[in-house]
Amino acid sequence: MEEHFVWVTTRRIRPGTLTDFERAWRPDTRPEGMLNAYSYWSDDEQQLIGMSFWSSRQSCDAWRASEAEARRRAAMAPYIIDEQEAFYRGRELILPAH
């Protein structure tokens, strides 16, 4: 089975700042090794889950240590109340057909 590499971030942001937060979240260029990224938010737009899929743990680590990521995180900081992050490895679960 193919292994997947995922960086997951959960954040609580200041009320009314989702649009500004998302603008700050977007990197200037696509990070090397990032395959996809998704953001999901609660109805009140204050709880967010971000998921980024990577080609390898090393590519994720390299981005996280980069100057571009440091600038991006500084731009997001004014909107964040609380944040938790973790890296996961996993695989697709094959579900039985209906």
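Because only heavy atoms are used, hydrogens play no part in the values below, and waters and symmetry mates are left out as well, while side chains stay in.
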Minimal heavy-atom distance between I13 and L18, with the atoms involved, is CD1-CA, 3.7 Å

Atom CG of D28: over 12 foreign heavy atoms under 6.0 Å: no

Side chain proximity check, S52 to W63, heavy atoms < 4.5 angstrom: no

Donor-acceptor check, side chain of R72 to backbone of W25, threshold 3.5 angstrom: yes or no? yes

Heavy-atom pair with the smallest gap, counting every atom of R73 and E83: NH2-OE1, 3.1 Å

Can you tell me if T9 and W7 form a side-chain donor-acceptor pair at under 3.5 Å? yes

Tell me whether the count of non-hydrogen atoms from other residues, nucleotides or ligands lying under 6.0 Å of CD in Q47 goes above 12. yes

Give a yes or no on whether the backbone of D61 and the side-chain of R57 come within a donor-acceptor separation of less than 3.5 Å. no

Can you check whether I49 reaches Y38 side chain to side chain, under 4.5 Å on heavy atoms? no

What class does the angle between the rings of F5 and F87 fall in, given that below 30° is parallel, 30 to 60° is tilted and above 60° is perpendicular? parallel

Give a yes or no on whether a salt bridge exists between R23 and D20, defined as a side-chain N under 4.0 angstrom from a carboxylate O. yes

Check whether any side-chain heavy atom of R12 lies under 4.5 Å from a side-chain heavy atom of Q84, and answer yes or no. no

Return the minimal non-hydrogen interatomic distance between I80 and R14, and the atom names on each side. O-NH2, 4.2 Å

Heavy-atom pair of closest approach, residues A74 and P78: O-CD, 3.5 Å

Ignoring hydrogens and angles, tell me if any N or O in the side chain of R30 forms a donor-acceptor pair with the backbone of L35 under 3.5 Å. yes

